[in-house]
Participant: 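Can you keep this structure in mind? I'll have questions shortly.
Note on naming: letters A, B, ... go to the chains in the order of the sequence lines (proteins, then strands), and numbering restarts at 1 for each one.
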Protein chains: 2
Amino acid sequence: MAVSVEHLKTIPERVFQQLREAIVEGTIPAGTKISEAELAQTYGISRGPLREAISQLAAMGLVERRANVGARVIQMSSDHLLDIFRVREALEGMAARLAAAKMTPEQVQTLMETLDQHGETINEDAGNNYFQESGDLDFHYQVVMGSGSDHLIKLLCNDLYYLVRLYRYQFGMRSKRGPIAIVEHRNIAEAIARGDGEMAELLMRSHIRASRENVERLLTQQN
Amino acid sequence: MAVSVEHLKTIPERVFQQLREAIVEGTIPAGTKISEAELAQTYGISRGPLREAISQLAAMGLVERRANVGARVIQMSSDHLLDIFRVREALEGMAARLAAAKMTPEQVQTLMETLDQHGETINEDAGNNYFQESGDLDFHYQVVMGSGSDHLIKLLCNDLYYLVRLYRYQFGMRSKRGPIAIVEHRNIAEAIARGDGEMAELLMRSHIRASRENVERLLTQQN
DNA sequence: TACAATTTAATTGTCGACAATTTTAGCGGT
DNA sequence: ACCGCTAAAATTGTCGACAATTAAATTGTA
């Protein structure tokens, strides 16, 4: 997932992004203690900027910080995970509604092409969950961007989606909902394309709810 | 609005809260440049901890920060304000739905008593918007807490509600929806009390949407 | 050996000084 | 008087060292 990088002017920003990626990708495993001295040396910087980066990570919920003790990479509980789905259902439902009203024809066109591509990918390679999951976020990302809401974009694209990626790594569950999700995506996109915000929200919420219920099933049968 | 204060152990936390309150209350007016040197001297601290506090303010959207330039208190645009309402509609709708399922009888009891009190206050003193507005947030606060969702609580109570308070100061509009809002609050509370999550969400969203449309009207006729 | 208290070590929190960047002030030319 | 350029001042970014707190190790005792 390429992230626009143009202005990593300041050290905290750059280190924040690097740490965020390392945590999400699992390079720094869940529960790991974030040692300031160690990381400062690793990145060749002072502890000041590093602390600011850690604060940002704490603010978005990727690490938990306790005064005079330090920060640890969060390890997600089932409750925490299901909670995220509920917030996504609310926010992305609204995003879909707004996208139906505000997306430009070009954006809709791009969205459709993305879906076509996902459909092919899944046929060619039914077992590969990587592209599947990555593609899933791609779709949601585009819808949120299409909503034109700065707050929704910030909350979802800058915060929640990283938690989603983290959970996918930590729980590592293969969903098998891929083909169904593709169809649901297409239905949502068509509602957006015809400007039916009400329906777009309904379908998006239903889509995320189904995803949550699926995860809920996997969690209960696995414990 | 009393905030639990038990552990303002570290300087950044304490200063963050103080600055947040000063900004929301208008003590530091909109658009004001946040001078690090000046504030550090004012609070009698070093610039390090102060910068962390400013980062937190930037993360929650109360100030805007630019590298090598500094931070300024945000001045809310109409678009920004309406955007907040849409996010609130989505999040608080979900909060009400969850609250209907998870609120304890004691919490419901407290909620009802709060509403009784608001009703009296408004009758005694129909023109006083202070208690009205303050009471409004009180109600929403209790519902969100009742949802039991850590994420919703964080997003709404720790972030968005401060922006709401800020906008109420910056725009300073007297809504006159007070009596109507009270009735809407009561309907929402009753839906929650009887465990009807679907209806609670519907009513909450309708309530916030009405509030937004009212603000929208005031904005267009005033410009 | 197990446990508790005390001392030691390691880690986080805070500070003051220096470096880099931006903004302001001053100057000369047209 | 106005505009562009240069230099100075002010502000933010970064660093290294010290203080305060917490976690670990050691010792003493039952």
Participant: So, A:Thr110 versus A:Gln142: side-chain donor-acceptor pair below 3.5 Å or not?
Facilitator: no
Participant: Just the rounded figure in Å: distance from C1' of D:dT12 to CD of B:Glu38.
Facilitator: 15 Å
Participant: More than 12 heavy atoms of other residues, nucleotides or ligands under 6.0 Å from CD of B:Glu213: is that the case?
Facilitator: yes
Participant: Any cation-pi pair here, A:Arg209 with A:Phe85, using under 6.0 Å and within 45°?
Facilitator: no
Participant: Roughly, in whole Å, what's the span from NZ in A:Lys33 to P in C:dA10?
Facilitator: 13 Å
Participant: Considering only NZ, NE, NH1 and NH2 on the basic side and carboxylate oxygens on the acidic side, decide whether A:Glu92 and A:Arg205 come within less than 4.0 Å.
Facilitator: no
Participant: Apply side-chain contact (heavy atoms from CB on, under 4.5 Å) to the pair B:Phe171 and B:Leu219, showing each step before the final yes or no.
Facilitator: CA-CA 9 Å; B:Phe171 287 77; B:Leu219 281 175; 3.6 Å; yes
Participant: What's A:Leu50 touching, base or sugar-phosphate or nothing? Going by heavy atoms closer than 4.0 Å.
Facilitator: nothing
Participant: Show me the side-chain donor-acceptor pairs of residues 58-72 of chain B shorter than 3.5 Å, one per line, residues at least two apart or across chains.
Facilitator:
unit_1: B:Arg65; atom_1: NH1; unit_2: B:Ser55; atom_2: OG; d: 2.7
unit_1: B:Arg72; atom_1: NE; unit_2: B:Gly31; atom_2: O; d: 3.1
unit_1: B:Arg72; atom_1: NH2; unit_2: B:Gly31; atom_2: O; d: 3.4

Participant: At what angle, to 10 degrees, do the two end axes of the helix from C:dT1-D:dA30 to C:dT30-D:dA1 meet, given five pairs define each axis?
Facilitator: 0°
Participant: Checking side-chain polar atoms at under 3.5 Å, does A:Gln56 have a donor or acceptor matched by the opposite partner on A:Glu52?
Facilitator: no
Participant: Report the relative orientation of the aromatic rings in B:His80 and A:His151; use parallel for angles under 30°, tilted for 30 to 60°, perpendicular for over 60°.
Facilitator: tilted
Participant: Can you check nucleotides 13-18 of chain D for protein contacts, nitrogen or oxygen pairs under 3.5 Å, and list what you find?
Facilitator:
unit_1: D:dG13; atom_1: OP1; unit_2: B:Asn68; atom_2: N; d: 3.2
unit_1: D:dG13; atom_1: OP2; unit_2: B:Arg51; atom_2: NH1; d: 2.3
unit_1: D:dG13; atom_1: OP2; unit_2: B:Arg51; atom_2: NH2; d: 2.9
unit_1: D:dG13; atom_1: N7; unit_2: B:Arg47; atom_2: NH2; d: 2.7
unit_1: D:dG13; atom_1: O6; unit_2: B:Arg47; atom_2: NH1; d: 3.1
unit_1: D:dT14; atom_1: OP1; unit_2: A:Ile11; atom_2: N; d: 2.9
unit_1: D:dT14; atom_1: OP2; unit_2: A:Thr10; atom_2: OG1; d: 3.1
unit_1: D:dC15; atom_1: OP2; unit_2: A:Ser46; atom_2: N; d: 2.9

